[in-house]
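Each ligand, and each atom within it, is numbered from 1 in the order the structure gives. Along the sequence shown, the residues carry numbers beginning at 1.
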Amino acid sequence: FESLGNRLQDILDNLRKSSTLTEAQVKAAMREIRMALLEADVNFGVAKDFVARVSEKAVGQEVLGNLQAGQQVVKVVHDELIETLGGKAQQPNLKNEGNVFFLVGLQGAGKTTSAGKLASHYKSKGRRVLLVAADTQRPAAREQLRTLGQQVGVPVLEVADHEDPVTTRTRLAEHLQKDYRDLIIVDTAGRLQIDEALMDQLADLKGALSPTETLLVVDAMTGQEALNVAQTFESRIGLSGLIMTKLDGDARGGAALSARFVTGKPIYFAGVSEKLSGLEPFYPDRIAGRILG
Ligand code: GDP
């Protein structure tokens, strides 16, 4: 596997050989860049659109005929990559009270782990956090969150088997009356595959709990699949932001680019280990650097 950075370097070296760029050379370079993006696991449609925008900008900045044309093209690619990934690091919106984070995603994406990490992160910032284990099908998932809650030192409200969303909402309200909390983090059910029944359940629960943030947890290692997942959750549930997990693995960052591109929603956090401390703000420039290699 040759990184996109190395490939761009090759392209750049080729471009440098001639002092000015011809249109044909730019086209060839764009083809190379698209190939390299695909190899970094960026979705085809996303890569195509990305390259189209870079071409437009490169031509718009009149790099043709310019002495540093090659270098300029590479800078355009880098800047556009950061821009596509969201520009600056962003954080979820938080009010003084009544914050509800609703975590959704496929099973195994790292939802429950991320719920625990978020609880730990916000507790250390002085928030009064309540975790809600809202997987009505799998007691093991609820138990996992209970254990995390104990480790972090925040209470966990568990739904009952097959509990309906309205009952969950009522029980949550009762719980908050007895024990005031300003940030509720809801860990929802996941499936190995996206299915209609799951989406209906999630939509119902979301309707009942009126979250202030709906966060899709995406496994960075899933590459192309991240695009379908993000697209489906965005259209069926509606998202306000993303969390990319497992960025400590050897994922090339393409999933982040694709997921961000199709949803247009900010990636707030990066999961960088299995530990509770393994959550960082998502920095677009770092991931751009990683995609570029
Ligand atoms: P869920 O089914 O979406 O709730 O997924 P889990 O939270 O149970 O996570 C699935 C697996 O991924 C577990 O083994 C976690 O320890 C692991 N995991 C979650 N987030 C990360 C991460 O950011 N980095 C690494 N290396 N592993 C993670």
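At a 3.5 angstrom cut-off on N or O pairs, Thr112 counts as close to ligand 1. At least one N or O atom of Lys111, backbone or side chain, sits closer than 3.5 Å to an N or O atom of ligand 1. Looking at ligand 1, you'll find an N or O of Gly271 within less than 3.5 Å of one of its N or O atoms.
What sits closest to atom 11 (C) of ligand 1 on the protein, heavy atoms only, is Lys246 NZ, 4.1 Å. Looking only at protein heavy atoms, the nearest one to atom 5 (O) of ligand 1 is Gly110 N, 3.1 Å. With respect to atom 8 (O) of ligand 1, the closest heavy atom belonging to the protein is Gln144 NE2, 3.0 Å. Regarding atom 14 (O) of ligand 1, its nearest protein heavy-atom neighbour is Glu274 OE1, 3.5 Å.
A salt bridge links Arg181 with Asp179: at least one charged nitrogen is closer than 4.0 Å to a carboxylate oxygen. Looking at Arg171 and Glu163, a side-chain N of the basic residue comes within less than 4.0 Å of a carboxylate O on the acidic one, giving a salt bridge. A salt bridge links Arg236 with Asp200: the closest approach of a Lys/Arg side-chain nitrogen to an acidic carboxylate oxygen falls below 4.0 angstrom. Using a 4.0 Å cut-off between a side-chain N of Lys or Arg and a carboxylate O of Asp or Glu, Arg142 and Asp161 qualify as a salt bridge. Salt bridge annotation for Lys265-Glu213: absent, with no cationic side-chain nitrogen under 4.0 angstrom from a carboxylate oxygen.
At least one donor-acceptor pair under 3.5 Å links the side chain of Arg128 to the backbone N or O of Tyr180. With hydrogens and angles disregarded, no donor-acceptor distance shorter than 3.5 Å links the side chain of Lys206 to the backbone of Phe102. Formation of a donor-acceptor pair under 3.5 Å by the Thr222 side chain with backbone atoms of Asp219 is found in this model.
Atom numbering of ligand 1 starts at 1 in the shown order; those under 4.0 Å from a heavy atom of Gln107 are 2 (O). Proximity to Leu106 (heavy-atom distance under 4.0 Å) selects the following atoms of ligand 1: 3 (O). Atoms of ligand 1 lying under 4.0 Å from any heavy atom of Val272, numbered from 1 in the order shown and given with element: 23 (O).
Contacts between Ser273 and ligand 1 below 4.0 angstrom, taking non-hydrogen atoms only, involve the backbone exclusively. The side chain of Asp248, and not its backbone, has at least one atom closer than 4.0 Å to an atom of ligand 1 (non-hydrogen atoms only; side chain from C-beta on). Counting heavy atoms closer than 4.0 Å to ligand 1, residue Met244 contributes nothing at all. Proximity of Val217 to ligand 1, defined as any heavy-atom pair under 4.0 Å, is not found for any part of the residue.
Here the shortest heavy-atom distance to atom 2 (O) of ligand 1, taken over Ala270, Gly108, Gly278, belongs to Gly108. Considering Leu279, Thr113, Leu247, Thr245 only, the shortest heavy-atom separation from atom 15 (C) of ligand 1 involves Thr113.
With Leu242 as the fixed residue, the side-chain contact (heavy atoms from CB on, under 4.5 Å) test singles out one of Leu216, Val217, Leu215: Leu216.
Aromatic pair Phe50/Phe261: ring centres not closer than 6.0 Å.
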